[in-house]
Structure formats: C-alpha cells, structure tokens
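Working notes, structure below.
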Amino acid sequence: MKIILVAGTRPNFVKIAPLYRAFLQYPDMHPQIVHTGQHYDFHMSGIFFEQLGIPEPDHFLGVGPGSSTTQTAEIMYAFERVIRDENPDLVVVVGDVTSTFACALVAAQMRVPLAHVEAGLRSRDRTMPEEMNRILTDALSDQLFVTEQAAVDNLLRENIDPRRVHLAGNVVIDSLVHFRGRIDDFPADLGINAGRYLLVTMHRQANVDHETGLRKIAGMLETLGTRWQVVFVTHPRTARNAASFGLDFAELVKTLPPQGYLEFLRLMRHSAAVITDSGGVQEETTFLGIPCITLRNNTERPVTVECGTNYLLPDFDAQKVRDTIEIVLSGDFSNRRVPPLWDGNTAQRIVNILREKYINS
Ligand code: UDP
C-alpha cells in the first residue's frame, strides 16, 4: 500500500511524524512524504524534519508565499502531478491549513482514498481560513480521524457517515509523548527563571494581520512586562506584519525567533502560564498541565477548556489579560484531566483502522 502523507506547515510536521513512524512498522505499507512548501525556511520547516526524525520529503512542491487562493491553486497543480506519477493507494492529510484542503481536493477529484487526521474540529467562525479548510476537507474525506468527542458530534451533525468517523486520539500528543523525556532541561542561557515566566505566541490572522490587533498585542505585552517575565516567541507572520507598522516587540519584552520543536516544548514545560492563539499549543498545555490563556473568541478544541487547563479569553485587552493571569496563576487545576485517548498511541490506532479498511478487508 503506497501512502502519501501531506505536510506543509510547522504544525503539520508535528502531526505526520508519528504517523510516518507507525506506517513504517509494516512491510506492506510504504509511506511517502509530500512537503508543499507552505512553510519553507529552516526555522519553520527543516529543523522539524531533523528533530522529529522524519526523512527529507519524497516530493517538495515548493509553493512558497502567496495568498490562500494562489497557494491552493499552485499546490493543486503540483500535487496532481505527484498523484499521477506515484499512483498512491491512500492520501493522508492532517490539520486545517491551505495544504490540507488543496491536497484533499486533488485526491478526491482523482478518486484516491483520502484520510483526514484531526477531523471534525469546528470554531463555528467562518471568517477563519482554517474553518473553511476543516469543513471542506471533512466533506471530501473517506476516513475521518478525530481527537475529541465534540468533533465526532460536529461531523454527525454535518451528516457525515458515522462508519467513516473514528475517535482515535491526538497525534500532536503522540509527538509530545515521544519527546517527553527530552524536554526537562531548562534553557538556562535565556536569562529567565524556570517556572516564573509567561510564554506568549500569537499568529492567527484575526490577531496579527492588522495594525489594531498588533497594537493590542503590544499593549498587552507592555502591561504584562511590568509585572512578570515575558517571553514572546514571534511567528514570522507576526514579526513581518509588526515591522511593517513600525512596531518593535523587543522594546517591550524578551522576544525570541521561532523555536525548534524541542526548544519550544522546553519553554512551554517550564513556563508559569502560556498566552496564545495557537491550536496545537492549547492541546500541548492541556497535556502538560500548564495554564493556558487563549486569546480568541472561540476554540475549535473545547475539550481543552472543559477538562484541560485552557482558559478562553474573547475580546481581550491588556487589563483583562493581566487580571485573568492573576486568577489562573492562583487557580486550582487539580481536577484537570487529560482527554481520553491522548496517550501517545493515536498513530498506531489510526494505522490499525486503515489496515482494517484497506488491507485486511
Ligand atoms: N511550535 C514550535 N516552535 C515555536 C512555536 C510553536 O515548535 O516557536 C510548535 C508547537 O509546540 C506546536 C506547533 O508548533 O506543536 C503549533 O504550531 P502553530 O502554533 O504554528 O500552529 P497551530 O497549531 O495554531 O495551527
């Protein structure tokens, strides 16, 4: 069985690594990696292949920067050639980025069985590009692998055949569990104190693609910086946009460029709390039991709020974030739970189901 695993962005690399390893255990399964090139520089891409132990991609589509529409079109055009040349038995897409949807559409049009890993998540905010990608990819997929019960319910509400929906757990947590033993060392050279600092990441379009949002973030960093040590790991999109408006976050708090996977997990593991708009970070903090404040009006991952350590803060301003951190830092998370099946074995469960469906049937 020839399987094409699609990845294009940083969070995708984290998700395909455990799947790639799980497929490799079977001599009759032959995974290939297609990298669309959506994230392409070393700090957002190459370092993840190195650290996650996945080989160089079999195909690099080299799409590079551009609008979502341009990227979708370029990825589709290039991916169609890959499918024609390789004639795979299965395409696996992960997450909710442009590459996910673009390759899903090509697979569906070319009648190649399609699996979506991390299906069913819904923010119910159609202004998010990711939400569009999720809905469209799920509508096209033959097998839908889901991280939490709410996502199963979403899919059933959308009339997806229940026989295609599999509550399998979370491959983001598979990667975290795999590297759990390597993130205890505290990065002593950063001039911050273990367990005392706030770790911040922001990169969602709704927060960082306009001056008002960036100024709001700057105001928040300034306010937090008067009270706590703050480490702001800047996403390239955030840094680029901030520079275009003449904003320099480094004047306000300690900033760091995008971090390698292990470096970032270490920073997360030793922080007092995390402030973010990232999807994956909400899940990783839930698993690690680190308080997380999510600066968004919604989350497509409600289980992280219901049983994890995630605290959703809509319409944030600096004072609201500061007050919420006071509450969260003195909060009691002893009732928190790790969601069911977030145990490090999700990729294996997914591969078992795929074997049942396509090899043993
Ligand atoms: N991450 C990383 N380095 C960083 C920031 C994040 O390795 O500087 C990891 C993080 O641990 C998680 C993933 O990247 O596994 C999340 O990616 P991102 O926040 O870019 O995307 P999202 O999850 O919001 O789609």
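Ligands are counted one by one from 1 in listed order, and the atoms in each one are counted from 1 as well.
The distance from ligand 1 to the heavy atoms of Gly260 drops below 4.0 Å at these ligand atoms: 7 (O). Set against the non-hydrogen atoms of Phe48, the atoms of ligand 1 under 4.0 Å away are 2 (C), 7 (O). Atoms of ligand 1 found under 4.0 Å from any heavy atom of Arg204 (numbered from 1 in listed order, with element): 24 (O), 25 (O).
In His203, the part holding a heavy atom less than 4.0 Å from any atom of ligand 1 is the side chain. Here Arg10 has side-chain heavy atoms under 4.0 Å from ligand 1, and that is the only part of it that gets that close. Proximity of Glu284 to ligand 1, defined as any heavy-atom pair under 4.0 Å, is confined to the side chain (atoms from C-beta onward).
A salt bridge does not link Arg204 to Asp209: none of the charged side-chain nitrogens sits closer than 4.0 Å to a carboxylate oxygen. Between Arg301 and Glu148 there is no salt bridge, since no side-chain N of the basic residue sits under 4.0 Å from a carboxylate O of the acidic one.
Judged by distance alone, the side chains of Gln319 and Thr223 never bring a donor and an acceptor atom under 3.5 Å apart.
Some N or O of Gly280 is nearer than 3.5 Å to an N or O of ligand 1, by distance alone.
Phe316 carries Lys216 over the face of its six-membered ring, with the cationic atom under 6.0 Å from the centre and within 45° of the normal.
In this pair, Phe60 and His35 present their aromatic rings perpendicular. The plane angle is above 60°, beyond the 30 to 60° band. Ring planes of His235 and His203: parallel class, angle under 30° (limits at 30 and 60°).
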